[in-house]
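Written below as structure tokens is the structure these notes are about.
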Amino acid sequence: MAENQTGESVAVQIKQYISSDSVKRKFTEVLGQKAPQFLASITNVVAESTQLKKCSANSIMSAAFVAATYDLPIDSNLGFSAIVPYNENIWNPQTRSYDKIPKAQFQMMYKGFIQLAIRSGYYEKMNYAVVYEDELKKYNPITGEIEFVTDFSQCTQRDAGDESKVTGYYAWFRLKTGFSQELFMSKTAVDNHARKYSQSYRYDLNENKRSSRWSKDFETMALKTVIKLLLSRWGILSVDMQRAIQDDQKVYDENGNGEYKDNQPDVIEAQDAFKEKAQDAFIENDTVNNNHIGGLELEEVD
């Protein structure tokens, strides 16, 4: 399928894909009775995004299928998971320059990680918060010890909604065994993390643009980073949680193979004890041909 497509042609191809019996069957195998509603949501997400309409239908469907395997909605407004457009730089030997090719990637969001933690049954309680300057008494980055004020009635910055007074981001959990752990990251530490692992964010900063999710919604991405790192470092990870940490921000090709294109994997990754690949459980064992995307056998769309 050609990479350069009009928004209308991509929307039409998506509708044709989700009308295909093979696609309906695959999503039904994963989602059961929820499949028709989920397939309809793919159309809605594409219709609402000018940038997604520039991406290949293959990459959109592949990202959607990954979200379906976690039974997470793809409406980014809900905060569970999203299909995110980005530009991949592809070398063009004819022009001897890089072409920007729009692709869609699967992205976990912070509520998605919390949802998977809840489903695991290991966690008794967990929470997260944006932290303002007048709420934090002290933080030791070496020991990880954090001390907040005890009388929040004297804190005014949160109610004032002054984002310039945000000093960091916090997440905490307690397991049913009684073990608890917390993580605080200063706003500067989160910004450094984003600069290191997201090339689209670095591009925005260098070019003074707002195209990446980090640029458009720093707070949401910051909370996701803190929650993801907290769980991957100290949490008990179900198999789904291990896969989610590995799958986050990957782009999948026609055969269901995922790669980190925009973002490098985080410096601390959960290790999958079962050596599962992101799509192994969902790709047919028979011959995989060029009509597969993300483990889905699709009919060719003209």
Side-chain angles (χ1 to χ4, degrees), residues 51 55 59 62-63 66-67 70 72 74 76 79-90 98 100-114 116-117 128 130-131 139 141 144 166-171 181-235 237 241-253 257-272 277-278:
Q51 295 302 315
C55 300
S59 66
S62 297
V66 176
Y70 295 108
L72 292 173
I74 54 177
S76 61
F80 291 94
S81 70
I83 301 175
V84 180
Y86 83 101
N87 286 322
E88 180 180 0
N89 291 321
I90 304 294
Y98 284 95
K100 293 185 180 299
I101 306 299
K103 296 284 184 70
Q105 68 177 195
F106 165 74
Q107 189 169 112
M108 287 286 294
M109 301 179 76
Y110 71 91
K111 290 182 182 178
F113 283 115
I114 292 172
L116 294 183
Y128 58 89
V130 175
V131 181
Y139 166 59
V166 171
T167 190
Y169 306 88
Y170 175 80
Q181 188 57 264
E182 59 187 347
L183 177 63
F184 172 82
M185 292 181 70
S186 69
K187 192 172 184 178
T188 299
V190 173
D191 183 72
N192 289 337
H193 180 95
R195 291 169 186 261
K196 182 176 181 180
Y197 292 104
S198 175
Q199 67 179 20
S200 60
Y201 183 54
R202 293 195 301 271
Y203 171 81
D204 282 355
L205 294 175
N206 292 334
E207 302 296 328
N208 195 27
K209 294 187 176 181
R210 290 175 56 85
S211 61
S212 71
R213 292 197 68 83
W214 276 105
S215 300
K216 294 177 180 178
D217 195 354
F218 187 90
E219 179 178 303
T220 296
M221 293 299 291
L223 288 171
K224 169 189 167 178
T225 298
V226 174
I227 292 168
K228 180 179 178 180
L229 292 179
L230 173 69
L231 293 172
S232 65
R233 288 171 175 173
W234 293 291
L237 303 180
M241 183 69 81
Q242 293 174 36
R243 288 198 306 109
I245 290 172
Q246 294 168 351
D247 284 351
D248 183 33
Q249 298 176 321
K250 279 185 177 180
V251 176
Y252 287 84
D253 63 17
N257 300 310
E259 288 186 85
Y260 296 98
K261 296 292 189 178
D262 170 48
N263 288 49
Q264 304 172 47
D266 285 339
V267 64
I268 292 183
E269 291 285 353
Q271 296 300 315
D272 187 345
K277 293 183 179 178

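Quantities reported herein were computed from a predicted structural model and do not represent experimental measurements.
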Side-chain heavy-atom pair Val84, Gln51 within 4.5 angstrom cut-off: no
pair Glu219-Val166: side-chain heavy atoms closer than 4.5 Å: no
Heavy-atom pair with the smallest gap, counting every atom of Ala171 and Ile227: CB-CG1, 4.0 Å
Parallel, tilted or perpendicular: rings of Tyr201 and Trp214 (30°, 60°): tilted
NZ/NE/NH1/NH2 to OD/OE distance under 4.0 Å, Lys228 and Asp248: yes
Verdict with supporting geometry, Lys111 and Met109, side chain to side chain contact (heavy atoms under 4.5 Å, CB included): CA-CA 6 Å; Lys111 290 182 182 178; Met109 301 179 76; 5.8 Å; no
Closest non-hydrogen atom pair, Gln105 against Ala63: C-CB, 3.9 Å
Atom pair OG (Ser81) and CD1 (Ile74), whose distance is rounded to the nearest 0.5 Å: 7.0 Å
Side-chain touch Met221/Tyr110, heavy atoms, less than 4.5 angstrom: no
Arg213 to Gln107 - nearest heavy-atom pair and separation: CD-OE1, 3.0 Å
Side-chain heavy-atom pair Asp247, Tyr70 within 4.5 angstrom cut-off: yes
Sub-4.5 Å side-chain heavy-atom contact between Ile245 and Met108: no
N/O donor-acceptor pair under 3.5 Å between Arg202 side chain and Arg195 backbone: yes
Inter-residue atom distance Met185.CE - Asn192.CG, 0.5 Å rounding: 8.5 Å
Greater than 12 external heavy atoms within 6.0 Å of Asn206's CG: yes
Pro85 side chain near Cys55 side chain, heavy-atom distance below 4.5 Å: yes
Residues Lys187 and Asp191 bridged, charged N to O under 4.0 Å: no
OG-CD distance between Ser232 and Gln246, expressed to the nearest 0.5 angstrom: 11.0 Å
Student check: side-chain heavy atoms of Leu231 and Phe113 closer than 4.5 Å: yes
Taking every non-hydrogen atom, the tightest pair across Gly112 and Leu72: CA-CD1, 4.2 Å
Option among Tyr170, Tyr139, Tyr128 that satisfies the ring pair (Phe, Tyr, Trp, His ring centres under 6.0 Å) test with Phe184: Tyr139
Side-chain donor-acceptor pair present, Ser212, Ser215, cut-off under 3.5 Å: yes
Sub-4.5 Å side-chain heavy-atom contact between Lys100 and Ile90: no
Nearest non-hydrogen partners of Ile83 and Ala104, listed with the distance: CG2-CB, 3.8 Å
Exercise: do Ser200 and Ser198 side chains pair donor with acceptor under 3.5 Å: yes
Least distance between heavy atoms, Leu116 atom then Ala244 atom: CD1-CB, 3.5 Å
